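As structure tokens, the structure follows; a few thoughts come after it.
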Amino acid sequence: MDTLAPAPAPATAPARTLQPMLRLIDIEKVYQTKTIETVALNRVNLTIGKGEFVSIMGPSGCGKSTLLSLIGLLDEPTSGTIELNGRAVRSYSDKEVAALRNSKIGFVFQSYHLINDLSVLDNVELPLLYRPGVSGKERRQRALDALDKVGLSARTAHFPGQLSGGQRQRVAIARALVGQPELILADEPTGNLDSVMGEEIMDLLLELNRRDGVTIVMVTHDEQQALKTERLVRFFDGSQVS
Amino acid sequence: MLLSYIKIAWKVLMRRKFFTAINLFGISFTLMILLVVMALFDHALGPNNPERRTDRLLYVQTIRQQMQDGLGWMNMPASPHFVNHFVRTLKTPEQVGMISNINNATAFTNKGLLALDVRYADGEFWQMMDFEFLSGRAFTPAEVKQSQPLCVINEATARQYFGRLDVVGQTLELDLHRYRVAGVVRNVSAARIMTYSDVWLPYTLDPGLLRDSRLEGPYLTIILAPSAAAVPAVRREFDQLVRRIPIPKPKDVKAIYAFADTPLISLTRAIHFDVNATRLEDDNLGTFYAVVITLGLLFMLLPALNLVNLNVTRILERSGEIGVRKAFGATGSNLVSQFLVENVVLVLVGGLLGLALAAGALALLNESEVLAHAHFSLSWRVFGWGLLLTLLFGLMSGVYPAWKMSRLNPVAALRGSGEQK
């Protein structure tokens, strides 16, 4: 597949000096039930620069996915501030937050979360449905372009159930890309794939970051893949340890 | 976006065939019953031949005379005297006519006795109504005045008595009286109680015709307003007229009441919600509408609640999709719209099935000939009402589940739990 570039050299080196895109300041997330209080994130401070590829690692339950939900504006912290492009997210209304998610952020999930009732093309078009001023024709064209980018132009009329795991994840990446977001959040994108397919997906993400300058934050359990990214952040028991 | 919603709605319906079948059964059965009731109602009271101008027609069904000394009420239709000497003096109507109650008469044919319904009418009656003449014509006011022995008969009578339809000028013998057939009209449904009959004769031939000045008699007074907008003015003038009518026997009768009503109000005024009849002016129309709407909504509520329940239980099943849509920028109102469209699509499919079932049920009713000459059908008017009811049903059953779905927390939704915001 000619769209996939070979994996670059491991990038454990410190991050380049980049303009900050996202800042997490003293973030705490506490889940409270009647009897138990669980601290998922404890005073997390993290800055992600524009164009960076950051991977987040840690054992299960250490707060990685919670962190990704907060960065993705899907949830709110119990305390602390999240700044996106210099503005505190708390100051946005629900509608503005939805618009931000639509225009600035693309999600890639471990279990793909494709809508089985929709064709590959319709799945990829989905984010553009919620973007005002995008015509049906433009939506279709942009979805085709995104599918071309991930090497799935020939599968537009297929349904998710007819694709392999790797192909589904590529569709999910195309869906994340179609709105041309500044930030892609990938939650264990290779977690359900075998090593060959996992490599393919990882190469694709690296290519997007390197060629198109898309900022990527990826949660992973795979040390090998994490080492391919520019920066590796480790979490343990809700706190950042490196 | 709407196309995408409709596409996914269709896919969801096809994916869950059992769930869809249960829903469609509830929706289509409910709508079928409502549509059949509406078709019956429309058949009896809607603007159908010969009462085409229902928006302008007013009827005086009863003259209510309150007796002296608490002796109660005498409720009867009007006499020709009441129509000719009082109602015809009104300035606002375009025309005034009358028709008697139904009488029974017998004719002899080669095959045996033929029992017929006979009504007496004036010449104006024919000008106000839109009978469909298959041959001949109606009798005129002049012929009525001259007591000409003419009759108008319906198609069924022509076939049963003469064996054919081209019978104008032939003689019909009824209860030993002979009448010349002036015209043959298409059968009128027995549900059109103001106009239905087998044979219509000039009222001046009515053997029971009272020639004195009493107000009560067997005649229904019919008033045609010049336009629908003029109806209130005609009713007002009629009310004033009734107040001016001298009471024929003041010793016995304390007061007289009569109202010129539309066909529907004629019906609702006859329903005595008020047992003591102390508020005669109340036409009960508001109460009638309230009762009918409440019953209709209650009737729709059961399947709607069933649909609400099924939809709510499916939230968990679709939580992943809801989470994804939210993650990619769908707002609460986007999701409410989507699920409402889905529900409306389901209900519209149910509505179409309901229409087909209603058409089948009406065909069975027509086949059974439960009412003479009645031909029930689904008109565009009934279809329009059915469509409105269907959409109302779709919204009733869709709003709450859609709102609940839109409130799902996106993180929980992506995890597949139904946790709310």
Side-chain angles (χ1 to χ4, degrees), chain A residues 29 31 33 40 65-70 72-76 93-119 121-132 134-136 139-140 159-161 172 175-176 178-179 181 185 187, chain B residues 1-17 19-20 311 314-343 345-346 403 405-421:
Chain A
K29 182 68 185 176
Y31 292 105
T33 63
S65 293
T66 301
L67 181 75
L68 214 60
S69 302
L70 294 178
L73 315 183
L74 294 173
D75 208 350
E76 288 174 8
S93 68
D94 281 356
K95 244 184 176 167
E96 286 171 324
V97 169
L100 276 178
R101 279 201 296 264
N102 180 264
S103 60
K104 307 271 186 208
I105 304 169
F107 293 88
V108 178
F109 305 101
Q110 179 181 3
S111 47
Y112 330 120
H113 279 308
L114 298 176
I115 299 174
N116 289 328
D117 293 318
L118 294 180
S119 69
L121 190 62
D122 288 337
N123 264 290
V124 176
E125 273 187 30
L126 187 128
L128 299 178
L129 279 179
Y130 305 114
R131 190 168 296 185
V134 180
S135 68
R139 219 159 51 211
R140 194 128 292 227
F159 285 84
R175 178 178 63 185
V178 77
L185 301 176
D187 191 359
Chain B
M1 192 181 284
L2 186 66
L3 193 68
S4 164
Y5 289 170
I6 291 173
K7 201 188 281 183
I8 199 158
W10 187 251
K11 291 282 173 68
V12 169
L13 295 191
M14 291 294 106
R15 189 179 49 182
R16 297 274 172 255
K17 289 192 177 70
F19 165 83
T20 305
N311 278 337
R314 295 182 66 219
I315 293 177
L316 267 181
E317 187 189 309
R318 298 186 65 182
S319 67
E321 178 192 335
I322 296 163
V324 166
R325 287 184 183 274
K326 283 203 155 187
F328 283 102
T331 59
S333 54
N334 288 141
L335 292 171
V336 167
S337 310
Q338 182 194 333
F339 291 115
L340 274 185
V341 168
E342 282 184 24
N343 210 54
V345 167
L346 171 74
W403 176 81
M405 283 182 183
S406 75
R407 297 275 301 160
L408 277 183
N409 178 306
V411 179
L414 286 166
R415 274 203 308 263
S417 85
E419 189 185 313
Q420 302 275 305
K421 253 191 204 174

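The sequence lines fix the lettering, A, B, ..., with proteins before strands; numbering per chain opens at 1. Because the structure is predicted, anything quoted here is derived from the model rather than measured.
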Contact summary for [X] and [Y], nearest pair of heavy atoms:
| X | Y | answer |
| --- | --- | --- |
| A:Ala176 | B:Phe328 | CA-CE2, 4.0 Å |
| B:Ala330 | A:Ala98 | O-CB, 4.3 Å |
| B:Lys326 | A:Arg101 | O-NE, 2.9 Å |
| B:Gly329 | A:Asn102 | CA-CB, 3.8 Å |
| A:Phe107 | B:Ala327 | CE1-O, 3.0 Å |

If only atom types and distance count, is the side chain of A:His113 paired as donor or acceptor with the main-chain N or O of B:Glu321 below 3.5 Å?
no

Measure [X] against the heavy atoms of chain B and call it side chain, backbone, both or neither at under 4.5 Å.
| X | result |
| --- | --- |
| A:Arg175 | both |
| A:Leu74 | both |
| A:Leu129 | both |
| A:Tyr112 | neither |

Atom pair CG (B:Leu414) and OG (A:Ser111), whose distance is rounded to the nearest 0.5 Å:
8.0 Å

Hey, are the side chains of [X] and [Y] touching, using non-hydrogen atoms and a 4.5 Å cut-off?
| X | Y | answer |
| --- | --- | --- |
| B:Arg325 | A:Ile115 | yes |
| A:Tyr130 | B:Asn334 | yes |
| B:Val324 | A:Leu126 | yes |

With a sphere of 6.0 Å drawn around CD of A:Glu76, does it hold more than 12 non-hydrogen atoms of other residues, nucleotides or ligands?
no

